[in-house]
Amino acid sequence: EVQLQASGGGLVQEGGSLRLSCAASGFSFDGYAVRWFRQVPGKEREGVSCISSTDGSSYYADSVKGRFTISSDNAKNTVYLQMNSLKPEDTAVYYCAADRSGSYGCYAPITPVRYWGQGTLVTVSS
């Protein structure tokens, strides 16, 4: 069974750090781009970051650039999102997703087969 397990959310003070994990089971991240999204109730889902298993390239939304770092551990079939200098506006439910995008990496022209993990709540207090 294909599963993505997101974890690592919690409550942190402004300026603090958290590391989110996205672990895959039932499939390998080879040939996939793994993305992190976040969503606040009543707002549109926002793409936060992406990493390509094809070439290791990554993408960050402007709102998190310089503060968040995405990485992967192929041996553990896990992708991480290190979040530093957190701000109250980073408060959201964070979701990971795996796109079977092959050589397109994070820039597939259409949304390929996508698997979603459950969300993990990040709350940043001021």
Side-chain angles (χ1 to χ4, degrees):
E1 182 184 3
V2 170
Q3 282 191 330
L4 286 178
Q5 180 74 38
S7 60
L11 173 63
V12 64
Q13 286 191 329
E14 185 174 8
S17 298
L18 283 174
R19 188 178 78 160
L20 305 184
S21 299
C22 177
S25 59
F27 73 107
S28 166
F29 281 147
D30 288 344
Y32 283 78
V34 179
R35 301 180 181 275
W36 286 99
F37 296 88
R38 64 187 182 187
Q39 189 164 26
V40 176
K43 293 190 176 181
E44 286 193 4
R45 185 175 60 206
E46 176 188 12
V48 174
S49 186
C50 177
I51 188 166
S52 168
S53 67
T54 302
D55 59 7
S57 60
S58 57
Y59 156 89
Y60 299 94
D62 288 342
S63 57
V64 305
K65 203 170 291 183
R67 300 187 297 120
F68 290 12
T69 303
I70 192 168
S71 62
S72 64
D73 184 332
N74 293 334
K76 295 183 178 180
N77 219 22
T78 301
V79 167
Y80 303 98
L81 185 68
Q82 178 67 43
M83 307 186 297
N84 298 330
S85 302
L86 283 162
K87 304 175 182 180
E89 51 264 43
D90 294 318
T91 296
V93 177
Y94 284 71
Y95 299 88
C96 65
D99 290 350
R100 197 163 68 194
S101 56
S103 59
Y104 288 110
C106 294
Y107 300 98
I110 60 172
T111 302
V113 171
R114 173 175 286 173
Y115 301 118
W116 287 96
Q118 89 293 357
T120 184
L121 176 62
V122 172
T123 304
V124 184
S125 62
S126 56

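Start at 1 with the first residue, then count along the sequence. If you're wondering where the values come from, they're calculated on a predicted model, not measured in any experiment.
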Undergrad: With sequence neighbours excluded, tell me which residues meet side chain to side chain contact (heavy atoms under 4.5 Å, CB included) with Asn74.
TA: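 By the side chain to side chain contact (heavy atoms under 4.5 Å, CB included) rule, Asn74 matches Ser72.
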Undergrad: Return each pair, listed once, that meets salt bridge (charged side-chain N to carboxylate O under 4.0 Å, His left out) where at least one residue sits in residues 117-126; pairs must be two or more places apart or across chains.
TA: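 Counting only pairs at least two positions apart or across chains, no salt bridge (charged side-chain N to carboxylate O under 4.0 Å, His left out) contact touches residues 117-126.
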Undergrad: Which heavy-atom pair separates Phe37 from Gly47 by the least distance, and what is that distance?
TA: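 Looks like CD2-CA, 3.7 Å.
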Undergrad: For Ser25, which residues count as a side chain to side chain contact (heavy atoms under 4.5 Å, CB included) partner, sequence neighbours excluded?
TA: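 Gln3.
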Undergrad: Rounded to the nearest 0.5 Å, what separation is found between the CD atom of Gln5 and the CG atom of Asn77?
TA: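 Reported value, rounded in 0.5 Å steps: 13.5 Å.
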Undergrad: Report the C-alpha separation of Cys96 and Val79 in whole Å, then their side-chain angles, then the decisive distance to 0.1 Å, and conclude whether the side chain to side chain contact (heavy atoms under 4.5 Å, CB included) test is met.
TA: CA-CA 9 Å; Cys96 65; Val79 167; over 6 Å; no
Undergrad: Show every salt bridge (charged side-chain N to carboxylate O under 4.0 Å, His left out) that has at least one partner inside residues 57-69, sequence neighbours left out.
TA: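 Residue pairs passing salt bridge (charged side-chain N to carboxylate O under 4.0 Å, His left out), neighbours aside: Asp62-Lys65, Arg67-Asp90.
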Undergrad: Once salt bridge (charged side-chain N to carboxylate O under 4.0 Å, His left out) is applied, do any residues pair with Lys43, and if so which ones, sequence neighbours excluded?
TA: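 Residues passing salt bridge (charged side-chain N to carboxylate O under 4.0 Å, His left out) with Lys43: none at all.
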Undergrad: Mind listing the closest non-hydrogen atom pair of Val40 and Ala92 along with its distance?
TA: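 Closest pair (atom of Val40, atom of Ala92, distance): CG2-CB, 3.8 Å.
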Undergrad: How close do Gly8 and Leu18 get, counting heavy atoms only, and between which atoms?
TA: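 Closest approach of Gly8 to Leu18, heavy atoms only: O-CD2, 3.9 Å.
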Undergrad: Pair up each side-chain donor or acceptor in residues 116-126 with any protein partner under 3.5 Å, not counting sequence neighbours, and list the distances.
TA:
| from | atom 1 | to | atom 2 | distance (Å) |
| --- | --- | --- | --- | --- |
| Gln118 | OE1 | Ala6 | N | 3.2 |
| Gln118 | NE2 | Ala6 | O | 2.6 |
| Thr120 | OG1 | Gly9 | N | 3.0 |

Undergrad: Specify the closest pair of heavy atoms between Gly16 and Val12, including all atoms of both residues, with the distance to one decimal.
TA: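 Minimum heavy-atom separation between Gly16 and Val12: CA-CG2, 3.7 Å.
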Undergrad: How many angstroms lie between CD1 in Ile70 and SG in Cys50, if you round to the nearest 0.5 Å?
TA: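 The distance works out to 6.5 Å.
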Undergrad: Going by side chain to side chain donor-acceptor pair (under 3.5 Å), name the pairs with one or both residues in residues 9-19, residues two or more places apart or in two chains.
TA: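 Found Ser17-Asn84.
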Undergrad: Could you pull out all residues at least two apart from Arg114 that satisfy salt bridge (charged side-chain N to carboxylate O under 4.0 Å, His left out)?
TA: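 With sequence neighbours excluded, Arg114 shows a salt bridge (charged side-chain N to carboxylate O under 4.0 Å, His left out) to Asp99, given in chain and number order.
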Undergrad: Tell me which pairs pass ring-ring contact (aromatic ring centres under 6.0 Å, His included) where either residue lies in residues 41-95, with sequence neighbours left out.
TA: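 Residue pairs passing ring-ring contact (aromatic ring centres under 6.0 Å, His included), neighbours aside: none found.
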Undergrad: Please report the interatomic distance CZ(Arg35) to OG(Ser52), rounded to the nearest 0.5 Å.
TA: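 Result: 9.5 Å between the selected atoms.
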Undergrad: Quick one: ring-ring contact (aromatic ring centres under 6.0 Å, His included) pairs with a partner in residues 14-35, sequence neighbours left out?
TA: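 Output for this query lists Phe27-Phe29, Phe27-Tyr32, Phe27-Tyr115.
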Undergrad: Is the backbone N or O of Gly31 less than 3.5 Å from a side-chain atom of Ser53, with the two atoms forming a donor-acceptor pair by type?
TA: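 A pair under 3.5 Å: yes.
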Undergrad: To the nearest 0.5 Å, what is the distance between NZ on Lys87 and OG on Ser63?
TA: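 Nearest 0.5 Å value for the NZ-OG distance: 8.5 Å.
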Undergrad: Glu46: what forms a salt bridge (charged side-chain N to carboxylate O under 4.0 Å, His left out) with it, not counting sequence neighbours?
TA: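 By the salt bridge (charged side-chain N to carboxylate O under 4.0 Å, His left out) rule, Glu46 matches Arg38.
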Undergrad: Side-chain atoms of residues 101-112: list all donor-acceptor pairs with protein atoms under 3.5 Å, sequence neighbours left out, distances to 0.1 Å.
TA:
| from | atom 1 | to | atom 2 | distance (Å) |
| --- | --- | --- | --- | --- |
| Ser101 | OG | Gly105 | O | 2.7 |

